Amino acid sequence: MYSNKASVNILTSLLVAHGVKHVVVCPGSRNSPLVHNFYVCPDLQCFPVTDERSAGFYALGMAIATDGPVAICVTSGTALLNVAPAVAEASYQHRRLIVISADRPQAWIDQLDGQTMPQVNAFGVFVSKCVNLPEVNDDESRWLCNRLINEAFVSSVKCGGKPVHINVPISEPLFGFNVLELPKERKIEYIVPDNSIDEIEINHFLNSKRPIIVIGQMRYDSELSGMIDKIRKNYVVLCEPLAYDGGATWFDKMYDTVSADDSYAPDYILYTGDTVVSKLLKRYIRSISCTDVCMVSEDGEIHDVTMRMNRLVACSAKDILKAILKHKSIAAERSFYELWNNETEKCRSEILPISSKDILKETARLFEVELEKRPKTHHVHYANSSSVRYGCLFSNRYIYVNRGINGIEGSLSTAAGYSMMVQSRTFIVIGDLSFFYDSNALWNKNLNGNLRILLLNNGCGGIFSKLKGLENSPSRDDCVAASHETSAEGLCKSYGIDYMSASDIDDVKACLPVLFDKESDVPILLEVKEMKNF
């Protein structure tokens with residue numbers, strides 16, 4: 001029988017999955033659920049050592065002899081600190097010590113309770129990763145626990161091998177041992193291609209019948225855009241204009257259709273790039289039952305967007321896509337590809353040509369219509385919140401947007417800085433809160449006439465009106481959505497910016513060509529006002 005602590009059982013299962021066979025165990029009560037599990041697990045061999053400082057070096061010697069990972073388990077408090085000399089030595093010798101420390105619940109740290117101290121990050125630079133496991137009580141905390149342990153093991157093999165620290169808070173009661181067997185846990189394989197990706201991951205992709213490629217934000221690369229165009233002729237690719245110079249796949253409009261029909265469900269997902277804007281796309285790839293999920297990460301870090309990844313390939317998006325294109329044989333079901341492609345084309349025909357009664361949304365659509373008439377040398381930035389969602393809806397070329405953290409601050413400054421480094425037109429489509437928050441971007445004598453600003457001003461954070469349930473709060477408009485009646489005209493006059501305004505679609509249609517084509521030595525701003533607050 002195993003412990004009734006779920007986090008302890010998940011850890012035990014993954015120790016075995018990641019090849020740990022030997023565990024040095026030290027005495028204590030808080031770590032007794034861990035020690036019990038390691039002792040009764042047939043795939044682990046325990047070696048009791050009373051003194052933690054000595055135990056750390058015992059584990060190091062075993063790691064040197066076996067050239068593999070060795071775990072050491074200690075109780076809470078200063079017991080952990082006594083392992084530090086061995087951890088430091090293992091760090092410089094590139095040995096994979098897996099330090100497992102039991103801990104008190106977070107609520108009791110530094111509250112004058114016995115054997116409690118801050119244990120997380122106790123080893124500083126001498127470990128490549130320190131993770132603090134949650135006490136598992138639902139599906140999300142179970143996923144987090146699994147993911148953190150996998151992250152620790154993946155980190156332990158990087159840079160030629162390094163120690164890692166897994167901290168395990170355990171609440172009382174401690175001595176329940178009534179679980180019949182360990183859970184079957186997801187193991188994330190860490191793959192570092194030596195010379196060729198083909199034999200490592202491409203066979204998984206080529207052997208799948210219903211593969212889907214999801215591409216998140218990436219820096220602009222014309223070669224990569226061309227590769228994506230070629231791949232989209234044979235495979236389902238879900239992406240946004242943050243990824244490449246070829247438009248979106250309008251997934252938000254497709255969601256109701258594809259999520260309700262198993263015919264659209266993939267048997268393999270390849271995810272590369274960084275974030276995607278669409279929450280519905282993330283919801284979809286987290287909900288499907290597909291269990292073969294490969295994440296491609298150039299930095300080799302785990303970003304488990306799907307919550308289902310089982311392989312991590314440390315390479316660039318370009319490398320993995322090149323490897324796919326080298327193979328001309330396609331095992332994927334053509335009917336699956338055509339099902340997705342037909343739905344994509346249907347959404348395209350229903351979105352791009354059709355006008356909206358919402359003046360700001362229609363302005364964004366008309367902006368992109370005008371942009372398509374202009375050279376590809378124009379550069380387009382979008383701010384966050386509603387603005388980038390308009391960009392993802394209407395843009396048919398690569399767009400720049402700060403989606404690392406997704407904050408509203410700095411979008412105007414980023415576009416302004418970009419404009420100083422290029423000669424051609426640089427556009428920024430931005431909402432009112434983002435604009436006024438970052439208006440000091442215009443307080444700069446280096447700006448010139450190639451910066452063009454399209455300000456969509458509805459007098460508040462418009463995206464908050466789309467959050468279901470928030471309408472029931474009396475604080476929404478004034479405090480959450482920051483309702484205001486501010487115009488950019490005065491700011492533009494102060495900073496020497498050429499200003500135009502529009503309050504209906506006819507005005508917008510008249511002003512947009514000026515925004516695009518007027519020659520100017522100073523930036524030009526078009527403010528489109530939704531009249532409810534003006």
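In this text, all values refer to a predicted model and were calculated from it rather than measured experimentally.
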(message) Does this structure show an ion pair linking Arg147 with Glu151, if we count only N-O contacts that are shorter than 4.0 Å?
(response) yes

(message) Looking at Ser387 and Gly431, would you say the former's side chain and the latter's main chain have a donor-acceptor pair under 3.5 Å?
(response) yes

(request) Give a yes or no answer on whether the side chain of Asn150 reaches the backbone of Arg186 with a donor-acceptor pair at less than 3.5 Å. (result) yes

(message) Regarding Arg389 and Asp252, does a basic nitrogen lie under 4.0 Å from an acidic carboxylate oxygen?
(response) no

(request) Enter the distance from Arg365:CZ to Glu362:CD here, rounded to the nearest 0.5 Å. (result) 4.0 Å

(message) Distance check, rounded to the nearest 0.5 Å: His379 atom NE2 versus Gln423 atom CD?
(response) 9.5 Å

(message) Quiz question: by atom type and distance under 3.5 Å, do the side chains of Thr414 and Asn402 form a donor-acceptor pair?
(response) yes

(message) I need the Ile215 CD1 to Ile228 CD1 distance, nearest 0.5 Å.
(response) 3.5 Å

(request) Might you confirm whether atom CZ of Arg219 has over 12 heavy atoms from other residues, nucleotides or ligands at distances under 6.0 Å? (result) no

(request) Return the minimal non-hydrogen interatomic distance between Tyr499 and Ala488, and the atom names on each side. (result) CE1-C, 4.0 Å

(request) Using a strict 4.0 Å threshold on nitrogen-to-oxygen distance, state whether Glu189 and Lys187 make a salt bridge. (result) yes

(request) On the 0 to 90° scale, with breaks at 30° and 60°, tag the Tyr284-Phe251 ring pair as parallel, tilted or perpendicular. (result) tilted

(request) State the OG-CZ distance between Ser225 and Arg397, to the nearest 0.5 angstrom. (result) 12.0 Å

(request) Of all the heavy-atom pairs spanning Ala152 and Lys129, show the shortest one and how long it is. (result) CA-CG, 4.2 Å

(message) Can you list everything that forms a side-chain contact (heavy atoms from CB on, under 4.5 Å) with Leu352? Sequence neighbours excluded, please.
(response) Trp250, Arg348, Phe394

(message) Take a 6.0 Å sphere around CG of Asp262 and say whether it holds more than 12 heavy atoms from other residues, nucleotides or ligands.
(response) no

(request) With rounding to the nearest 0.5 Å, note down the distance linking OG1 in Thr486 to CG in Asn457. (result) 7.5 Å

(request) Could you walk me through whether Glu301 and Lys158 pass the salt bridge (Lys or Arg N to Asp or Glu O under 4.0 Å) test, one step at a time? (result) CA-CA 10 Å; Glu301 294 294 323; Lys158 293 179 180 178; 2.9 Å; yes

(request) May I ask you to decide if Glu530's main-chain N or O and Asn458's side chain share a donor-acceptor pair within less than 3.5 Å? (result) no

(request) Return yes if a side-chain donor-acceptor contact under 3.5 Å exists between Glu240 and Ser278, otherwise no. (result) no

(message) Regarding Lys361 and Glu368, does a basic nitrogen lie under 4.0 Å from an acidic carboxylate oxygen?
(response) no

(request) Output the distance between atom CG (Asp221) and atom CE (Met227), rounded to the nearest 0.5 Å. (result) 8.5 Å

(message) Within the 4.5 Å heavy-atom criterion, are Leu366 and Ile505 side-chain neighbours or not?
(response) yes

(message) Are the side chains of Arg403 and Asp274 in contact, using a 4.5 Å heavy-atom criterion?
(response) no

(request) May I ask you to decide if the ring planes of Phe153 and His18 are parallel, tilted or perpendicular, using 30° and 60° as cut-offs? (result) parallel

(message) Looking only at side-chain N and O atoms, does Asn384 offer a donor or acceptor that is under 3.5 Å from a partner on Asn406?
(response) no

(message) Tell me whether Asn132 contacts the main-chain N or O of Val120 through its side chain, where contact means a donor paired with an acceptor under 3.5 Å.
(response) no

(message) Check whether Arg210 reaches the backbone of Tyr264 with its side chain - one donor and one acceptor, N or O, closer than 3.5 Å.
(response) no

(message) Quick one: does any side-chain atom of Asp267 pair with a main-chain N or O of Ser208 as donor and acceptor, under 3.5 Å?
(response) no

(request) Evaluate the salt bridge (Lys or Arg N to Asp or Glu O under 4.0 Å) criterion for residues Glu370 and Lys509: first the C-alpha distance (whole Å), next the side-chain angles of each, then the deciding distance (0.1 Å), finally the verdict. (result) CA-CA 10 Å; Glu370 285 292 324; Lys509 290 179 179 178; over 6 Å; no

(message) Counting only heavy atoms not in Asp139 (residues, nucleotides, ligands), do more than 12 fall under 6.0 Å from its CG?
(response) no

(message) Less than 3.5 Å apart, any donor N or O on the side chain of Asn341 or Thr344 sitting next to an acceptor on the other?
(response) no

(message) Does atom NZ (Lys230) have a neighbourhood of more than 12 heavy atoms from anything else shown, all under 6.0 Å?
(response) no

(message) Is it the case that the side chain of Tyr268 and the backbone of Ile213 share a donor-acceptor pair, with hydrogens and angles ignored and the cut-off at 3.5 Å?
(response) no

(message) Please tell me whether Phe427 and Phe367 form a close aromatic pair, meaning their ring centres lie under 6.0 Å apart.
(response) yes

(request) Dump the intermediate steps for side chain to side chain donor-acceptor pair (under 3.5 Å) on Ser263 and Asp261, then the final yes or no. (result) CA-CA 5 Å; Ser263 301; Asp261 186 348; 3.0 Å; yes

(request) Step through the shown structure and confirm whether more than 12 heavy atoms of other residues, nucleotides or ligands are within 6.0 Å of CD on Glu140. (result) no

(request) Check the side chains of Thr426 and His381 for a donor-acceptor pair under 3.5 angstrom, ignoring hydrogens and angles. (result) no

